[in-house]
Protein chains: 2
Amino acid sequence: MEGLSARASNIGAGASSSDVILDALRTAIIRGELAEGQTLRQDAIAKMFNVSRIPVREALKQLEASGLVTSVRYKGVVVSRISVAEIQEIFDFRATVEPKLIAHAVPRMSQHSLDHAQQLCEAFAEETDGVRWGDLNRQFHSSLYLDAGLPYYFAAAEAANDRIERYIRAQLSLGHGRALAIAEHQQIIDACRAGEAERAADLTRKHIVKASESLTRIITERG
Amino acid sequence: MEGLSARASNIGAGASSSDVILDALRTAIIRGELAEGQTLRQDAIAKMFNVSRIPVREALKQLEASGLVTSVRYKGVVVSRISVAEIQEIFDFRATVEPKLIAHAVPRMSQHSLDHAQQLCEAFAEETDGVRWGDLNRQFHSSLYLDAGLPYYFAAAEAANDRIERYIRAQLSLGHGRALAIAEHQQIIDACRAGEAERAADLTRKHIVKASESLTRIITERG
DNA sequence: ATGTTGTATATTGGATACAATCGTGCAAGC
DNA sequence: GCTTGCACGATTGTATCCAATATACAACAT
């Protein structure tokens, strides 16, 4: 019996079709696999997942609520366009929210979390596949915020990152973005390990501001 | 031609059923007309609006994405419960975000916006109907943030307010909540009119913190 | 009495079918 | 040539129907 219950994984709690589709679309959008302005046809998506349009529409409604797509009645939904000003605003928002998270997390951070963050940092430094950089970078930052025990702040930060992740990925891939990030990540971990909450917060804020400036430079140069 | 285009308001962009339902449910939830934990039956809502369950489900998915309801597969959706700790966290979040908004808005604030805010402040002071207090209070604060031109911050603040508006309403109705709010609102307007962005921001932050403390006191006293 | 099992009902998730609307191309008229 | 009107296909919005699941309760065994 014990063996069974250990393996008994709540079959009913499995994800619904619309949950699966939501996750797939969300991932594709934030990775930039779906370009800005691209229209998403309900029928095409439904066929990809072998479902009817109903769960597709429900997933799209959720994406709309989180701002990743924009919907126009009888015309369709498109991947949301975002202006340079908005990108900068969202980076600024992150620079406001994320230092609060890490400052609150530091005195509560477990050894396990610190080790995990260190692992992610090293994996990020060693990774050669460019598309995985974004994943690891994102996981690294999230891992430092979880112990804060501030679910609303955390969700707000995650939502903000969703909106600009494609640009963060570009910034990591171009110029010295990644090399700088690695060094700064290590500094942040060190501050956390030393229990210096304010320093960790300040480093986090500077890290975000630098990424924003670097990205702005890239955009203005390349058009 | 100018007159026409000024009045030409997008007749095709009329709200869909699910938009109407979304708005009605959202309003009912944030006003507290639907209690926490109350389950929302698709069929019942569909009958209220004389539609099928499809647009109802789409509205519920959007509410779920914004956190106002919680959905469990095959069981239904319930109005999200929120703990005291979460309420305090969201007030803290507001105290972080809204000062930024008003500080950015002050140097950009039009005379019209100032006048409008003053009107709302006075209407709030004179209103006798308790349920309208919440509306006017909310409108007052929003009116001070619009000129900031920070749509992401603004949306984040609105979303945070949605989650705790029912408690703000309680806080306004009980004790000296409303009387204090009126005085503090006027101080904020005065700072805005004087162009003192930092003072307006600080008053806003204190206003939010005081409301949070007042509410916490009410909750702990009354259970 | 208590606990278990079968069954009926209520409710949600999803598929199919239909209605409403948009965009486009094309022909007619000026 | 340029505009106007219209027909048609493509696409979205919604209703209706069926399947999957949960919940409540009755029948039954111990």
Side-chain angles (χ1 to χ4, degrees), chain A residues 1 4-5 8-26 29 34-35 37-65 67-81, chain B residues 1 4-5 8-26 28-29 34-35 37-81:
Chain A
M1 201 46 198
L4 214 177
S5 78
S9 55
N10 227 346
I11 165 169
S16 67
S17 300
S18 79
D19 290 338
V20 173
I21 295 165
L22 169 64
D23 197 58
L25 287 176
R26 177 186 156 280
I29 292 173
L34 295 172
Q38 177 166 352
T39 86
L40 304 178
R41 295 283 160 224
Q42 298 174 2
D43 228 7
I45 298 167
K47 275 171 186 150
M48 283 181 209
F49 290 89
N50 271 76
V51 295
S52 79
R53 280 166 36 222
I54 300 291
V56 174
R57 290 172 56 89
E58 291 177 352
L60 290 174
K61 284 289 185 189
Q62 288 181 279
L63 288 172
E64 189 185 359
L68 290 175
V69 305
T70 307
S71 158
V72 179
R73 195 157 129 100
Y74 292 122
K75 293 183 75 173
V77 321
V78 300
V79 179
S80 294
R81 291 183 186 283
Chain B
M1 203 43 201
L4 213 178
S5 76
S9 53
N10 241 347
I11 167 167
S16 68
S17 301
S18 78
D19 291 338
V20 173
I21 296 165
L22 170 64
D23 198 58
L25 287 176
R26 176 186 157 280
I29 291 173
L34 295 172
Q38 177 166 350
T39 86
L40 305 177
R41 296 281 160 223
Q42 298 174 3
D43 227 10
I45 298 167
K47 273 169 186 151
M48 284 180 207
F49 290 89
N50 270 75
V51 295
S52 79
R53 279 165 39 221
I54 300 291
V56 174
R57 291 174 50 177
E58 293 178 354
L60 290 174
K61 283 289 183 188
Q62 288 180 280
L63 288 173
E64 188 186 359
S66 50
L68 289 174
V69 305
T70 306
S71 161
V72 180
R73 197 156 128 101
Y74 294 120
K75 293 183 75 174
V77 320
V78 301
V79 178
S80 294
R81 291 182 187 283

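Throughout, protein chains are lettered first and strands after them, A, B, ... in sequence-line order, and every chain is numbered starting at 1.
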Are the side chains of Arg26(B) and Asp23(B) in contact, using a 4.5 Å heavy-atom criterion? yes
Contacts of type side chain to side chain donor-acceptor pair (under 3.5 Å), residue Asp19(B), not counting sequence neighbours: Ser16(B)
Acceptor/donor pairs from residues 49-57 of chain B side chains to any protein atom, 3.5 angstrom cut, sequence neighbours excluded:
unit_1, atom_1, unit_2, atom_2, d
Ser52(B), OG, Ile54(B), N, 3.3
Arg53(B), NE, Gln42(B), OE1, 3.0
Arg53(B), NH2, Gln42(B), OE1, 3.3
Arg57(B), NE, Glu58(A), OE2, 3.0
Arg57(B), NH2, Glu58(A), OE2, 3.0

Backbone N/O of Val77(A) and side chain of Ser71(A): donor-acceptor pair under 3.5 Å: no
Which parts of nucleotides 10-20 of chain C does protein reach within less than 4.0 Å, heavy atoms only, written one letter per nucleotide 5' to 3' as B for base, S for sugar-phosphate only and - for none? -SBBBBB---S
Point-to-point distance, once rounded to the nearest 0.5 Å, from CG of Leu60(A) to CD1 of Ile45(A): 5.0 Å
